[in-house]
Peer 1: 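Sending over a structure as C-alpha cells; questions will come in a sec.
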Amino acid sequence: MSEKPIKGQTKEEHCGAKKKKTPAVHIFPEWCKGCGICVAFCPKQVLEMGDDQKAHVIYPEKCIECALCARRCPEFAVYVSGDTIKESKKKSGGEK
Amino acid sequence: MPARLPYAYKYLRAKKKFPHVWCPGCGIGIVMGSIIRAIDSLGWELDDILMVSGIGCTSRMPVYVDFNTLHTTHGRALAFGTGAKMANPNLKVLAVMGDGDSMAIGGNHIIHAARRNMDITAIIVNNNNYGMTGGQFSPTTPQGAKTATTPYGMIEPDFDICKLTEAAGANYVARGDVYHVMELDGLIKNALSGPGFRVVEAMAPCPTNFGRANRQGDAVKMMELFKDNTINVAQASKLPKEKTEGKIVRGIFVDKDGIGYTERYQDLCDRVSSGVKK
C-alpha cells in the first residue's frame, strides 16, 4: 500500500515537469573561460561562478529568457532555450 | 530565435576551431556574435558573404565563422576586399578590422575606400591598443592612457574613427559598444543592408592589456565603464554640453544612400559597351 502513492506522486511530478515549459539557460563548460560577464549582467541572478572558475546555472526557474547572457557571452558558451529542460538537453547532446 | 544555440552552430566552425584564442572577457567575441545575429536576421546565404580581415586579434575572426573567408596581410583587408568585390559584385563583402589594422597600417586604404564609396561594410573593433603583440599604443589610444609603450601616459591625440570616415565620405557611420549589445546588433544590421562604404566602430574591452595597464579592472568592470561613460546620440543632443563632456557618443552619425562604386562602374561598362564615346 505504501508503494502506490509514492509511485503516483513521482509520476505526477514527472508529468508536471513535462507539461510545464520551463525557460532554460545552458552553459558549455568546455567553451567557458570564466570571464564572469554573464554572471554580472544577468538581471535575475540566475548564474553564479563556480569553484572551477566557470559559470553555473544555479536558479534556472528564475530565468526570464532575456538572453542577455547569450548575447554578451564572448565565448558562445551560453545559450537560452524556451523548450523544456529535457528536450533542450537532448538537443545539446545531439549537436555536440 | 536569434540568440539561441542553432544560430551559433549554423554560422560557426564549432567542431574544429572552438574554444577560440581570444582572452577571457575580450569583447571581440561579442562583436562576432552581433555580426552573426545581424546576418541571421537578414537571412543571407552563407556562400554569398565574404569576410575579409588583416592581422591582429580582431582579424582572427574569419577563422571561426563559416562564410567565405579571407585572412590577408596587415592593414590590407579593404584592399583585398575591393578586389574581391570588383571581381564578383554579387558578393557581400564584410571587412573586419582592429583599430591598429584600420587606422594605422591600413589608414590609407580606409580613407580611399570611403572616398570611392566602395560597397564594403567595415566593422572596426576598437580596443584602444595592439592587443595581440602585448598592448602597444595605437592611433586610437586616448590621450593620457597608459600602454606597454607609453608607461607615463600617451602624449599624442587620438583618432576619432567616426569623424575620420565621415569626412572621407562614407555612406554610413555608427558607433556602438559591447555593453549595449542589442544596439550594436541593430547598427551592424543597418550597416549590412545598404549600398556604399559603411562603417561601424564597435568599442570593445581589452582586459588583458589595456585594462591592466590602466588599472580598469577585469572584463566586467570594463563593461561597466562602457555603461557609465557612453551616451546615445539622441540623448546627447537634448542634454546641455556640461553633462555630455567626457562621454563617448554612440549611435548613427551618417546614414545616406549615395551611389556605390560597383554601380558606377557598371554604368561605365554599359555606357562604353553601348558605343557612346564620351
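Just so we're on the same page: letters track the sequence lines, and every chain starts at 1.
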Peer 1: Count the heavy-atom pairs under 4.5 Å between each of C23(B), A204(B), A219(B), P24(B) and chain A, then report the option with the highest count.
Peer 2: P24(B)
Peer 1: Grab the two heavy atoms, one from E75(A) and one from G25(B), that are nearest each other, plus how far apart they are.
Peer 2: OE2-N, 3.9 Å
Peer 1: Using 0.5 Å steps for rounding, measure from the CZ atom of F76(A) to the CE atom of M32(B).
Peer 2: 3.5 Å
Peer 1: Drop me the distance from K227(B)'s NZ to F41(A)'s CZ, to the nearest 0.5 angstrom.
Peer 2: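 Taking NZ in K227(B) and CZ in F41(A), the distance rounds to 7.0 Å.
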Peer 1: Is any side-chain heavy atom of R72(A) closer than 4.5 Å to one of Y179(B)?
Peer 2: yes
Peer 1: Evaluate M223(B) against I37(A) for side chain to side chain contact (heavy atoms under 4.5 Å, CB included), listing each step before the verdict.
Peer 2: CA-CA 8 Å; M223(B) 295 275 278; I37(A) 289 174; 3.9 Å; yes
Peer 1: Could you tell me whether the side chain of H20(B) and the main chain of W31(A) form a donor-acceptor pair under 3.5 Å?
Peer 2: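 No, because the side chain of H20(B) does not come within donor-acceptor range (under 3.5 Å) of the backbone of W31(A).
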Peer 1: Checking M182(B) against chain A: side chain, backbone, both or neither under 4.5 Å from a heavy atom?
Peer 2: side chain
Peer 1: With a 6.0 Å cut-off (strictly less than), is the heavy-atom count around NZ of K221(B), excluding the residue itself, greater than 12?
Peer 2: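 Open.
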Peer 1: Grab the two heavy atoms, one from R71(A) and one from I30(B), that are nearest each other, plus how far apart they are.
Peer 2: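 Heavy-atom minimum between the residues: O-CG2, 3.6 Å.
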Peer 1: What heavy-atom pair brings P19(B) and E30(A) nearest, and what distance separates the two atoms?
Peer 2: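 What the structure gives for the nearest pair is CG-O, 3.9 Å.
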Peer 1: Side chain from CB out, backbone as N, CA, C, O: work out which of these in V220(B) comes under 4.5 Å of a heavy atom of chain A, or both, or neither.
Peer 2: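 When you check distances to chain A, atoms from both the backbone and side chain of V220(B) fall under 4.5 Å.
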Peer 1: Check the surroundings of atom NZ in K146(B): do more than 12 heavy atoms from other residues, nucleotides or ligands lie under 6.0 Å from it?
Peer 2: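 For K146(B), atom NZ is not crowded (no more than 12 foreign heavy atoms under 6.0 Å).
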Peer 1: Could you check, using the six-membered ring where one of them is a Trp, whether F18(B) and F28(A) have ring centers closer than 6.0 angstrom?
Peer 2: no
